[in-house]
Amino acid sequence: MALTKAWGDFGVALDGDADRVSIIGEDGEKITEDEITMIIAEYLIPKAGENPRAVYEIKSSNAVPEVIRRAQGEPIMQKTGWQNIKKKMAEVGAIFAGEISGHNFYSNQFYYVPNGDDGL
């Protein structure tokens, strides 16, 4: 179904427990989950201090690690899945992680959310 008319600046859809997000821009086009991960990287990494690490999943585009590096962070690739991502984040002390399912994870350094995952 094509979006024929949009009101407002953007739209947000969350899954049932709000740990995954999809975003539609003001032009009616979907902002990809890779793009969401890159936006988060550009926002959080400069605030993180020395040697910030960000985890991204193996199915992400090559642009994700490039943007993390450009923001002065260290990209760490990991297998898909909550358990894999959380384990890798703890292992390397990552500040956040993003999956292409729209599932985003945060360290307590920035946001406290139960289990550290939140769509927004």
> If I take atom CE from residue Met38 and atom CD1 from residue Ile31, how far apart are they, to the nearest 0.5 angstrom?
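Going from the CE atom of Met38 to the CD1 atom of Ile31 covers 11.0 Å.
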
> Can I get a per-line list of side-chain donor-acceptor pairs under 3.5 Å for residues 57-64, giving both atom names and the distance, sequence neighbours left out?
{"unit_1": "Glu57", "atom_1": "OE1", "unit_2": "Thr80", "atom_2": "OG1", "d": "2.3"}
{"unit_1": "Glu57", "atom_1": "OE2", "unit_2": "Ile100", "atom_2": "N", "d": "2.7"}
{"unit_1": "Ser60", "atom_1": "OG", "unit_2": "Glu57", "atom_2": "O", "d": "3.0"}
{"unit_1": "Ser61", "atom_1": "OG", "unit_2": "Asp34", "atom_2": "OD2", "d": "3.0"}
{"unit_1": "Ser61", "atom_1": "OG", "unit_2": "Ala63", "atom_2": "N", "d": "3.4"}

> Side chains of Glu42 and Arg70: closer than 4.5 Å at any heavy-atom pair?
yes

> What is the minimum heavy-atom distance between Ala41 and Pro46, and which atoms define it?
O-CD, 3.8 Å

> Find out whether Pro75 and Arg69 are in side-chain contact, i.e. whether some heavy atom of one side chain is under 4.5 Å from a heavy atom of the other.
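Yes; the side chains approach each other to less than 4.5 Å.
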
> How many angstroms lie between atom CE of Met77 and atom CD1 of Ile68, to the nearest 0.5 angstrom?
10.0 Å

> Begin from the C-alpha positions of Glu33 and Ser101 and carry the test side chain to side chain contact (heavy atoms under 4.5 Å, CB included) through to its verdict.
CA-CA 7 Å; Glu33 285 71 14; Ser101 64; over 6 Å; no

> Under a 3.5 Å threshold, yes or no: a donor from one side chain and an acceptor from the other, between Glu99 and Thr37?
no

> Hey, what do you get for CG (Asn51) to CD (Glu74), rounding to the nearest 0.5 Å?
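So the gap between those two atoms works out to 7.5 Å.
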
> Hey, does the side chain of Arg53 reach the backbone of Val92 with a donor-acceptor pair shorter than 3.5 angstrom?
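Judged by distance alone, yes, a pair lies under 3.5 Å.
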
> Working note: Gln78 + Tyr56, criterion side chain to side chain contact (heavy atoms under 4.5 Å, CB included); need CA distance, chi angles, decisive distance, verdict.
CA-CA 6 Å; Gln78 178 60 323; Tyr56 66 101; over 6 Å; no

> Taking all heavy atoms of Met89 and all of Ala97, pick out the closest pair and write down the distance.
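Scanning both residues, the minimum pair turns out to be SD-CB, 3.7 Å.
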
> Looking at Gly98 and Asn104, what are the two nearest heavy atoms and their distance?
CA-OD1, 3.9 Å

> With side chains defined as the heavy atoms from C-beta onward, is the minimum distance between Ile40 and Tyr106 less than 4.5 Å?
yes

> With side chains defined as the heavy atoms from C-beta onward, is the minimum distance between Phe96 and Ser107 less than 4.5 Å?
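SC-SC contact between Phe96 and Ser107 ruled out.
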
> Got a second to check how far Ile95's CD1 is from Lys47's NZ, nearest 0.5 Å?
10.5 Å

> Please round to the nearest 0.5 Å and tell me the distance separating atom CD of Gln72 and atom CD of Glu50.
12.5 Å

> Working to the nearest 0.5 Å, report the span between NZ of Lys87 and CG of Asn84.
8.0 Å

